[in-house]
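Just so it is clear, the values below take in all heavy atoms, side chains as well, and ignore hydrogens, waters and symmetry mates.
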Protein chains: 2
Amino acid sequence: MSTSDRILDAATDAFGLRGYNATSLDALARDLDVRKQTVLYHFGSKDGLLEAVVDRAAGELSDALSEAVDNAPPALGNVEAVVRATFRLALRRPELLGLVRELSRLGDPWVGRAVESLEPMVKRATEFLEAEMEAGRMRRSDSRLLLVSVYSTVMGVATEVEILRAFGVELTLRTAARRRKELIVFLHSALAPAE
Amino acid sequence: MSTSDRILDAATDAFGLRGYNATSLDALARDLDVRKQTVLYHFGSKDGLLEAVVDRAAGELSDALSEAVDNAPPALGNVEAVVRATFRLALRRPELLGLVRELSRLGDPWVGRAVESLEPMVKRATEFLEAEMEAGRMRRSDSRLLLVSVYSTVMGVATEVEILRAFGVELTLRTAARRRKELIVFLHSALAPAE
DNA sequence: AGAGCTCTTTACCAAGTGGTAAAAGAGAGG
DNA sequence: CCTCTCTTTTACCACTTGGTAAAGAGCTCT
């Protein structure tokens, strides 16, 4: 495995789990048993490193989610497929979801950069929502606002560990499945057409 | 206005809007035209300052929300009252909501400290949800998980400016009202009893 | 006037920050 | 063997960080 790949991995972990500003190049290099200047040689600057991390992570995220929707058993709805994929990511690649949260905190220009890669996903999602509304299978409303609501809910329930604990939710593998199930019901109910 | 109050205000702003780690005592003091050591005199350390900020903010938050629920016109549901109060806060005291987000990022022991003050609110909310379920006015499910879902959705739609923009939502005063309305519909739909 | 108090300032400091400059390894081709 | 290129390291640097020590400043009470 090349050095620059190892750096990219470690940086994704650190930025996603601990935060960009909370991660120093020295600490990062120390973890890899490499000198800080090696990091700077490969990525030019800390910002350059984050750029590389964001670009790669956005790709992985996009791949994971579209793959989940495409290969989901036909019985599974798209919403359910995305929720399941997100929970799988929260378990296996928490740094990726953490990175999304971190980017939305850092604001421009990082969000912009990430959104560029994820744009196709957003487009696909809104188009799906609109098609469902058109077909009468979903409550009619502003698809983009709906998307933000769904996004917030899913990210919250899947990744806001501190909040969950604060609200008295037990956090184990078993309860994760329970959480996921309840979330799917919640979303279906939220999206259901008016009676 | 006493110096320590001015410091507390500025620190709440800075921590809530820019983040704890992103705010240096020097920068904070500079804004107030005071020396850093004045800040340290009043609060002992940066952590001490955050403690004071958290305690006061939790009180204010708790007051604002319970007042909103208590004094809401009877026609307004509790959910609606909380959503309206949150949007009002997002507009007038964005630093308070920002601080909540920041704390959930910083994790223990800060979350614990905040939750202690907010515990009565959480209790009240879960009890409300359970009473509504009992009365058949809400879909039956784990009240704490439900609370996390609602919390995440409301905070997301009310405060995740970058995400909203990224998803193509226009952000003006007019659209804020629209957002609020759609959110209330979303929540009512999500919480409605199964048909 | 002086003592004692609270509050604020000046003067430092050790540790850590991202980053530059340049030297040293290491492998490949001539 | 020499040199060229890619990679990594050593050596620095200016600046910022949170924090300590101590000196003033302003006030009230005796």
### Task
Any chance you could encode DNA chain C as dot-bracket? Rule is Watson-Crick or G-U wobble with both distances under 3.5 Å; [ ] for pairs crossing earlier ones, | for another strand.
||||||||||||||||||||||||||||||
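Pairing each heavy atom of G156(B) with each of L164(B), the nearest pair is O-CD1, 4.4 Å.
Between T153(B) and T153(A), the side chains place a donor N or O and an acceptor N or O closer than 3.5 Å (distance only, hydrogens not considered). Side-chain N/O atoms of S149(A) and S152(A) include no donor and acceptor closer than 3.5 Å.
One can find a donor-acceptor pair under 3.5 Å joining the base of dG18(D) and the side-chain atoms of K36(B).
Spacing between atom CZ of R35(A) and atom C1' of dA21(C) amounts to 18 Å, rounded to whole angstrom units. Going from atom OH of Y41(B) over to atom C1' of dA25(D) covers 13 Å, rounded to whole Å. Protein atom CG of L32(B) is 15 Å distant from nucleotide atom C1' of dC7(C), rounded to whole Å. L50(B) has its CG atom 12 Å from the P atom of dG18(D), to the nearest Å. In this structure, the CZ atom of F43(B) is 13 Å from the C1' atom of dC7(C), given to the nearest Å. Residue L40(A) contributes atom CG, which lies 15 Å from atom C1' of dA11(D) at whole-angstrom precision. Between the CD atom of Q37(A) and the C1' atom of dG19(C) there is a distance of 8 Å, rounded to whole Å.
For the atom pair CG of N21(A) and NZ of K46(A), the computed distance is 5.5 Å after rounding to the nearest 0.5 Å. One finds the OG1 atom of T86(A) at 8.0 Å from the CG atom of L61(A) (value rounded to the nearest 0.5 Å). Here CD of E170(A) is found 11.0 Å from CG of L145(B). Values are rounded to the nearest 0.5 Å.
Classification of K123(B) and E119(B) as a salt-bridged pair fails, no side-chain N sitting under 4.0 Å from a carboxylate O. A salt bridge between E102(B) and R105(B) is present, with a side-chain N of the basic residue lying under 4.0 Å from a carboxylate O of the acidic one.
Side-chain N/O atoms of H42(A) include one lying less than 4.0 angstrom from OP1 or OP2 on dT8(D). Regarding contacts with the backbone of dT9(C), a side-chain N or O of T38(B) is found under 4.0 angstrom from either OP1 or OP2. The side chain of T3(B) contributes no N or O atom lying less than 4.0 Å from OP1 or OP2 of dC7(C).
Between F15(B) and Y20(B), the ring-plane angle classifies as perpendicular under the 30° and 60° cut-offs.
The stretch residues 21-31 of chain A comes close to DNA chain C through T23(A), S24(A), L25(A), D26(A), each having a heavy atom under 4.0 Å from the strand.
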